[in-house]
S.K.: 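Please see the structure below; I have some questions.
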Amino acid sequence: MQNTSSKYKELIKQSGRTFKAKVICTFPDNTQKIFTDSDIMQNGLKINDATSNEGSFDVGCAIIKELVLELDNSNKQLSDIDFSNAKFDVRIGLVIEQKYDGTTKTEWIKKGIYYTEEITENENFVSIVAYDAMSKFDKPYNSSLRFPQMLLSIFSDACTGLCKFACHRFF
């Protein structure tokens, strides 16, 4: 659950809201580039997620979230950028205040961190498919355990070497 201000909670229920998008891209050398609405193609930011496979209700299933990001490259400004192994911090903002001089105040909600999976370059745009960190858990399970076993033993064994940090967070 995301914490929001009372102003956000009030405005989100109303029609005529104004949203903004911001994607902070961190490259392998730790340099960053921020992409905003002016860089993102119309309908060019989509986050696909689910709680179960289509047509079923799966208990204990973990679904990888997918980011599809299409960036404007009509002026070839992205031609020299290599998005391989980049990290994308996606945020959606709601304009909560607009002054007469045109300045605005935006409340940002973090929508996740995603890692490059696929890049498609076109003469007018760059399309990036990226997955959240859940994709890093998609590894084969090789075990020397003898079965039957208690679930805790299987869980601990699966985490050894694969996700040691994540498992220790639960215990």
Side-chain angles (χ1 to χ4, degrees), residues 1-58 61-138 165-166 169-170:
M1 189 161 117
Q2 303 241 355
N3 290 327
T4 58
S5 68
S6 55
K7 184 74 170 173
Y8 184 100
K9 290 173 185 164
E10 174 189 325
L11 290 173
I12 199 71
K13 297 174 190 174
Q14 298 177 7
S15 61
R17 305 171 303 239
T18 303
F19 288 98
K20 294 183 176 186
K22 175 169 56 175
V23 179
I24 304 164
C25 180
T26 304
F27 299 97
D29 66 356
N30 284 324
T31 59
Q32 290 187 331
K33 183 157 178 63
I34 297 175
F35 298 102
T36 62
D37 293 319
S38 61
D39 305 303
I40 300 169
M41 301 291 287
Q42 185 174 357
N43 298 317
L45 192 152
K46 297 179 187 113
I47 297 173
N48 301 314
D49 62 354
T51 55
S52 295
N53 289 316
E54 192 172 321
S56 69
F57 179 75
D58 302 328
C61 184
I63 305 294
I64 298 169
K65 286 173 52 173
E66 175 188 63
L67 167 69
V68 179
L69 179 65
E70 293 179 350
L71 299 171
D72 179 19
N73 194 28
S74 56
N75 295 328
K76 308 299 180 240
Q77 67 274 22
L78 304 177
S79 297
D80 295 335
I81 297 177
D82 182 6
F83 288 98
S84 302
N85 301 310
K87 178 175 84 170
F88 300 90
D89 180 348
V90 180
R91 296 163 190 236
I92 301 297
L94 174 63
V95 175
I96 59 170
E97 185 179 310
Q98 188 162 1
K99 296 183 179 174
Y100 291 110
D101 64 1
T103 59
T104 61
K105 183 177 179 184
T106 304
E107 187 168 335
W108 296 96
I109 302 293
K110 195 168 189 168
K111 299 302 286 181
I113 303 286
Y114 302 86
Y115 301 90
T116 305
E117 182 67 25
E118 181 183 320
I119 306 161
T120 305
E121 294 186 43
N122 178 309
E123 65 181 60
N124 291 322
F125 66 90
V126 174
S127 179
I128 300 159
V129 174
Y131 296 134
D132 70 0
M134 185 62 74
S135 66
K136 297 177 186 287
F137 287 99
D138 191 15
F165 174 75
R169 291 182 60 180
F170 292 112

S.K.: Side-chain contact, heavy-atom cut-off 4.5 Å: Lys76 with Glu123?
M.R.: yes

S.K.: Please determine, by modelled atom types, if Lys22 and Thr106 share a side-chain donor-acceptor pair under 3.5 angstrom.
M.R.: no

S.K.: For a quick test of reading the model, state the closest non-hydrogen atom pair linking Asp89 to Lys110 and the distance between them.
M.R.: OD1-CE, 3.4 Å

S.K.: Using 0.5 Å steps for rounding, measure from the CG atom of Leu67 to the CG atom of Asp132.
M.R.: 10.0 Å

S.K.: Closest approach of Thr116 and Ser84, non-hydrogen atoms and distance?
M.R.: CG2-CA, 4.4 Å

S.K.: Name the residue from Val23, Ile24, Ile34 that meets the side-chain contact (heavy atoms from CB on, under 4.5 Å) definition with Arg91.
M.R.: Ile24

S.K.: To the nearest 0.5 angstrom, please state how far the OG1 atom of Thr26 sits from the NZ atom of Lys87.
M.R.: 5.0 Å

S.K.: If you take all heavy atoms of Gln77 and Asp72, which pair is closest and at what distance?
M.R.: NE2-O, 2.8 Å

S.K.: To check you understand the geometry: which heavy-atom pair defines the closest contact between Ile96 and Leu11, and what is its length?
M.R.: CA-CD1, 3.5 Å

S.K.: Between atom CH2 of Trp108 and atom OH of Tyr8, what is the distance when rounded to the nearest 0.5 Å?
M.R.: 11.0 Å

S.K.: Mind listing the closest non-hydrogen atom pair of Thr4 and Glu107 along with its distance?
M.R.: CA-OE2, 3.3 Å

S.K.: Could you tell me the separation between the CG atom of Asn122 and the OG1 atom of Thr120, rounded to the nearest 0.5 Å?
M.R.: 9.0 Å

S.K.: What distance separates Asp39 CG from Glu70 CD, expressed to the nearest 0.5 Å?
M.R.: 14.0 Å

S.K.: Should we count CD of Gln42 as having more than 12 external heavy atoms under 6.0 Å?
M.R.: no

S.K.: Please give me the minimum heavy-atom distance between Phe19 and Asp37, naming the atom from each residue.
M.R.: O-OD2, 4.2 Å

S.K.: Indicate yes or no: at least one non-hydrogen side-chain atom of Thr36 is less than 4.5 angstrom from one of Lys20.
M.R.: no

S.K.: In Å and rounded to the nearest 0.5 Å, what is the CG to CD distance from Leu94 to Glu97?
M.R.: 12.0 Å

S.K.: Can you tell me if CG on Asn3 sees more than 12 non-hydrogen neighbours from other groups inside 6.0 Å?
M.R.: no

S.K.: With a cut-off of 6.0 Å (strictly less than), are more than 12 heavy atoms of other residues, nucleotides or ligands near CG of Asp80?
M.R.: no

S.K.: Are Thr104 and Gln98 linked by a side-chain donor-acceptor pair shorter than 3.5 Å?
M.R.: no

S.K.: Step by step, work out the side chain to side chain contact (heavy atoms under 4.5 Å, CB included) result for Ile128 and Val126.
M.R.: CA-CA 7 Å; Ile128 300 159; Val126 174; 4.0 Å; yes

S.K.: Are any non-hydrogen side-chain atoms of Leu69 and Ile40 less than 4.5 angstrom apart?
M.R.: yes

S.K.: Using the ring of each side chain (for Trp, its six-membered ring), is Phe35 parallel, tilted or perpendicular to Phe83, with breaks at 30° and 60°?
M.R.: tilted

